Structure formats: structure tokens, C-alpha cells
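Since the structure comes first, as C-alpha cells, the remarks are kept for the end.
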Amino acid sequence: MEAFRCRLDFALVLAKFDSEINEMTSWIDEKNKFLHNSQTHLHDRLSLEDKMTHLKKHQALEIELASNALRIEALAIQLGELKKTSNDQNTMVSSLRVVERGDEMLQQWFQINKNIKILNAELKEAKDLFDFNHKADQILHWIGDKQCVLNAQELGKDYEHAKALLKSLIGKDADQTVDSSAIKELNNLGAKLVANGSDSDSIVQSKLNQINEA
Amino acid sequence: MKRKFFIIFLKKLNSRWVFFQGRREEYQELLESALEVHKFNGDVDDTNARIQEKAGLLSSQDYGKNLTMVEQLLRKQDAIERDMSAIHRKLNEHDNEAKKLLAKNSPLRDTIIESLKKLEASWQQLAELAHMRRLKLQQSYNLQK
């Protein structure tokens with residue numbers, strides 16, 4: 001009777017685990033299809049701008065993968081335990097099938113992580129451009145904002161007010177998001193893109209217009 | 001050819017940055033000078049408050065009802081006039097400070113001049129009040145003697 005109960009408990013654990021494995025397998029499968037599509041498109045001589053669009057989706061996928069890593073880790077541990085336990089049970093056939101599916105799922109997981117690294121390398125240039133674009137935007141907006149303060153030439157109503165204005169300009173709490181090192185970083189990134197012969201007319205041209213209008 | 005946009009963009013951005021930094025430094029210097037002027041105006045306001053306090057004391061219509069009281073009031077008048085000498089020295093300090101600030105071409109020049117004018121007017125009023133009160137106390141003293 002007790003042996004029967006044990007087998008029932010084991011069957012329940014196995015069923016739950018199997019369902020989790022299935023769920024995770026189909027999730028990985030779905031993401032793999034997306035990656036596969038992405039890889040196919042990358043061979044279509046995409047412009048850098050299109051690659052950046054891919055990169056954004058790719059970055060979102062990376063975040064999704066990272067947020068599931070712990071769950072996979074837990075499933076891998078459970079799978080290891082099941083492998084040990086299934087040797088002592090009579091339900092060998094069904095548990096072996098689950099173990100098999102679990103191994104397949106883990107293989108797919110390793111594969112998708114590997115694929116994403118490959119894709120990452122292919123999109124590196126796009127990433128540099130993406131960073132360049134982002135940093136340039138940040139710098140231009142920052143300078144624009146500060147320019148408004150400079151244009152206002154406010155000298156304060158009294159001593160305290162003037163002191164607060166000075167503090168917000170050069171004090172500890174002053175907004176130092178952009179400084180000489182940020183400019184240097186952008187120059188280095190730009191030099192790298194130039195050295196790689198990057199083609200990104202529309203993006204950099206729009207930045208040029210932005211800087212001309214500012 | 002396609003790389004030219006990067007190069008032009010970075011060149012423009014760098015010169016914009018240099019220009020911006022220059023303007024920021026200018027504004028910083030201007031603010032620091034404004035801070036000096038605000039401090040000056042605040043100090044002048046403090047002196048003005050002291051003058052008003054003394055003016056209040058000198059505006060009293062009490063000239064003493066007997067000789068003892070008149071003598072008391074005259075001693076009080078002497079003390080106020082001694083305080084006024086100290087205030088006058090402060091006035092000279094303000095004057096020198098104002099000259100320095102104006103020579104430095106400080107911002108908010110109008111406020112410096114306005115503060116000085118206000119101070120000068122208050123001082124004249126105080127001096128007049130002191131003079132008048134001394135005359136009246138002297139008259140009262142002569143009367144009670």
C-alpha cells in the first residue's frame with residue numbers, strides 16, 4: 001500500500017515537472033523562431049538602421065532570457081534529482097521520457113544562448129551606432145537645456161537665490177550628466193565607426209540638422 | 001563619402017561644446033560677481049535697519065519735564081550720537097565697497113547705486129533728526145535750569 005502511495009506521489013511530481021518542461025520548451029521554441037528569423041534577415045544586406053531595429057528587439061529578448069535563467073537553473077537541478085530518483089522507481093519508462101524532454105529543453109536553452117551571442121557579435125556595429133546615436137542625443141539635449149539657463153542670465157533676487165543658482169551650476173548637486181569625458185567617449189565611438197567605414201547617412205545627418213538648429 | 005557626416009557632426013559637436021563651456025564659465029563669473037553685489041546690498045540693508053532704529057529713538061517728543069529728566073535725555077542723546085559715529089564709519093566702508101564693485105564692472109550696478117542713494121537719504125534724515133533733537137533738548141535744558 002505504501003509503495004503504491006509512493007508511486008502515486010512520484011507520478012504527481014513527474015507530471016508537474018513534465019508540464020513545466022513542456023511550457024519552457026515551447027517558450028524557448030518561440031524565441032528560437034524569432035532568433036532564426038532575425039538571423040535570416042541579417043543575411044539580406046540590411047542597412048545599419050534596420051540592424052538597429054533588430055538590435056532593439058534582440059536586446060528585449062536578452063532581457064527575457066536573463067529573467068528566465070533562474071527558472072531554468074531550478075529545472076536543471078530538479079532534472080538532476082529526477083535522474084537519480086528514477087533509477088529506484090518502477091515507472092522507468094515515463095520518467096525516462098520526461099528526463100529526455102528535460103535534457104532536450106536544456107540543450108535548446110544552451111543553444112539559444114549561444115545563438116544570441118553569435119547574433120550579438122553580428123550586431124556589434126549596429127550597437128555602436130545605437131550607442132553613438134543615444135549618447136549624441138543625450139549630449140545635444142543636455143546642452144540645449146543648459147543653454148536655456150545660460151540664455152536666461154538669471155542673477156538671483158537676493159544673496160540666497162544667487163547662491164542657489166551658482167550651486168545648481170557648479171555645486172555638488174549640479175547636473176553633471178554630460179562632461180568632457182562624455183564628449184571624449186562620443187568622439188572615440190565616432191572614430192571607431194569611421195574606422196569601420198560605417199554607413200549611416202540618415203541617422204548622422206539628422207543629428208547634424210539637430211546640431212545646426214540648436 | 002558616407003563617413004563625412006560622422007566627421008562633420010563630431011567637429012560641430014566639439015566646437016559647440018567648447019563654446020558652451022566658455023559661456024558657462026562666463027555665467028559662473030557673472031553669478032559670482034552678482035553674489036558680491038547681493039552681499040553688499042544685504043549689508044547696506046542691515047545698516048539701514050540700524051539707522052531706522054536710531055531714527056525711531058530720535059523721533060521722541062519727550063524733552064523732559066524737569067532738569068533731572070532733561071539731563072538724563074541729554075546723556076541718552078550723547079550715547080545715540082556715539083552710535084551714529086560708528087554707523088557713519090560703516091557708511092564709509094559701504095562707500096568704498098561700492099566704489100570697488102562699480103570699478104569691477106559688476107552686474108546689477110543699478111541696485112548698488114540705489115542702495116547707496118537709499119542709505120544716503122536715511123543717513124541725512126537721521127542726522128537732521130539728531131540735530132533737531134539736540135537743539136530742542138538744549139532749549140529744554142536752558143528752560144529748566
Side-chain angles (χ1 to χ4, degrees), chain A residues 48 129 132-133 135-136 139-140 142-144 146-147 149-170 174 178-180 182-184 186-212 214, chain B residues 1-49 94 97-98 100-102 104-116 118-119:
Chain A
L48 215 42
L129 184 64
F132 182 86
N133 197 29
K135 282 186 211 299
I139 290 170
L140 289 177
W142 191 88
I143 293 179
K146 304 298 158 196
Q147 204 80 40
V149 176
L150 297 185
N151 289 344
Q153 292 274 299
E154 212 182 334
L155 297 176
K157 289 185 216 102
D158 51 29
Y159 184 80
E160 291 307 319
H161 188 203
K163 202 159 186 175
L165 287 171
L166 194 62
K167 212 172 158 190
S168 70
L169 188 73
I170 53 159
V178 171
D179 55 12
S180 299
I183 302 289
K184 199 176 163 191
L186 187 73
N187 273 283
N188 290 342
L189 202 51
K192 189 176 163 192
L193 285 162
V194 168
N196 291 342
S198 288
D199 159 14
S200 179
D201 275 5
S202 59
I203 286 181
V204 184
Q205 209 168 359
S206 77
K207 292 270 154 299
L208 257 180
N209 294 338
Q210 227 175 309
I211 206 166
N212 286 335
Chain B
M1 276 304 278
K2 305 214 161 163
R3 300 175 204 177
K4 76 174 180 188
F5 290 117
F6 277 107
I7 297 163
I8 299 171
F9 172 77
L10 286 171
K11 209 171 164 187
K12 286 204 171 190
L13 182 86
N14 289 338
S15 54
R16 171 64 52 90
W17 176 248
V18 171
F19 176 71
F20 168 78
Q21 276 188 312
R23 284 205 61 199
R24 188 164 63 169
E25 274 165 30
E26 275 170 26
Y27 179 51
Q28 183 188 333
E29 281 169 22
L30 203 63
L31 259 179
E32 280 163 352
S33 300
L35 211 59
E36 283 181 341
V37 174
H38 284 306
K39 189 180 179 315
F40 168 80
N41 289 337
D43 290 346
V44 169
D45 282 346
D46 289 345
T47 307
N48 250 326
H94 290 324
E97 181 68 15
K100 275 189 215 162
L101 288 173
L102 292 170
K104 273 205 283 186
N105 212 6
S106 298
L108 306 166
R109 290 171 67 86
D110 293 351
T111 66
I112 301 172
I113 294 163
E114 202 182 314
S115 282
L116 279 183
K118 218 165 105 184
L119 189 66

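Chain letters run A, B, ... following the sequence lines, proteins first, then strands; residues in each count from 1. On a predicted model such as this, the values are computed, not experimentally measured, just so you know.
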Interface residues of residues 31-38 of chain B facing chain A - heavy atom cut-off under 4.5 Å:
B:Leu31, B:Glu32, B:Ala34, B:Leu35, B:His38
With the side chain counted from C-beta on, respond yes when A:Asn151 and B:Arg23 share a heavy-atom pair under 4.5 Å apart, and no when they do not.
yes
Between A:Ile170 and chain B, which part of the residue has a heavy atom less than 4.5 Å away: side chain, backbone, both or neither?
side chain
Residues at least two apart in sequence or cross-chain that pass ring-ring contact (aromatic ring centres under 6.0 Å, His included) with B:Tyr27, listed by chain then number, are none
Between B:Asn41 and A:Asp158, is the side chain to side chain contact (heavy atoms under 4.5 Å, CB included) condition met? List the steps.
CA-CA 9 Å; B:Asn41 289 337; A:Asp158 51 29; over 6 Å; no
Options A:Leu155, A:Leu166, A:Val178, ranked by heavy-atom pairs under 4.5 Å with chain B, top entry
A:Leu155
Does the side chain of A:Leu186 reach to within under 4.5 Å of the side chain of B:Phe9, using non-hydrogen atoms?
yes
Suppose we screen for salt bridge (Lys or Arg N to Asp or Glu O under 4.0 Å). Which residues come up paired with B:Asp46, at least two apart in sequence or across chains?
none
Ignoring hydrogens, what is the shortest heavy-atom contact between A:Gln147 and B:Phe20? Give both atom names and the distance.
OE1-CD1, 3.7 Å
Heavy-atom cut-off 4.5 Å, strictly under: side chain, backbone, both or neither for A:Glu154 against chain B?
both
Please round to the nearest 0.5 Å and tell me the distance separating atom CD1 of A:Ile183 and atom CG of B:Leu13.
5.0 Å
Which class fits the ring pair B:Trp17 and A:Trp142: parallel under 30°, tilted 30 to 60°, perpendicular over 60°?
tilted
Atom group of A:Lys146 that falls short of 4.5 Å from chain B, counting heavy atoms
both
Interatomic spacing from CG in A:Leu150 to CG in B:Leu30 - rounded to 0.5 Å:
10.5 Å
Just jot down the salt bridge (Lys or Arg N to Asp or Glu O under 4.0 Å) partners of B:Lys118, sequence neighbours excluded, or say none.
none
Let me know if B:Phe40 has heavy atoms under 4.5 Å from chain A in its side chain, its backbone, both or neither.
neither
Just so I know, are the side chains of B:Leu10 and A:Phe132 near enough to count as touching, which here means a heavy-atom distance under 4.5 Å?
yes
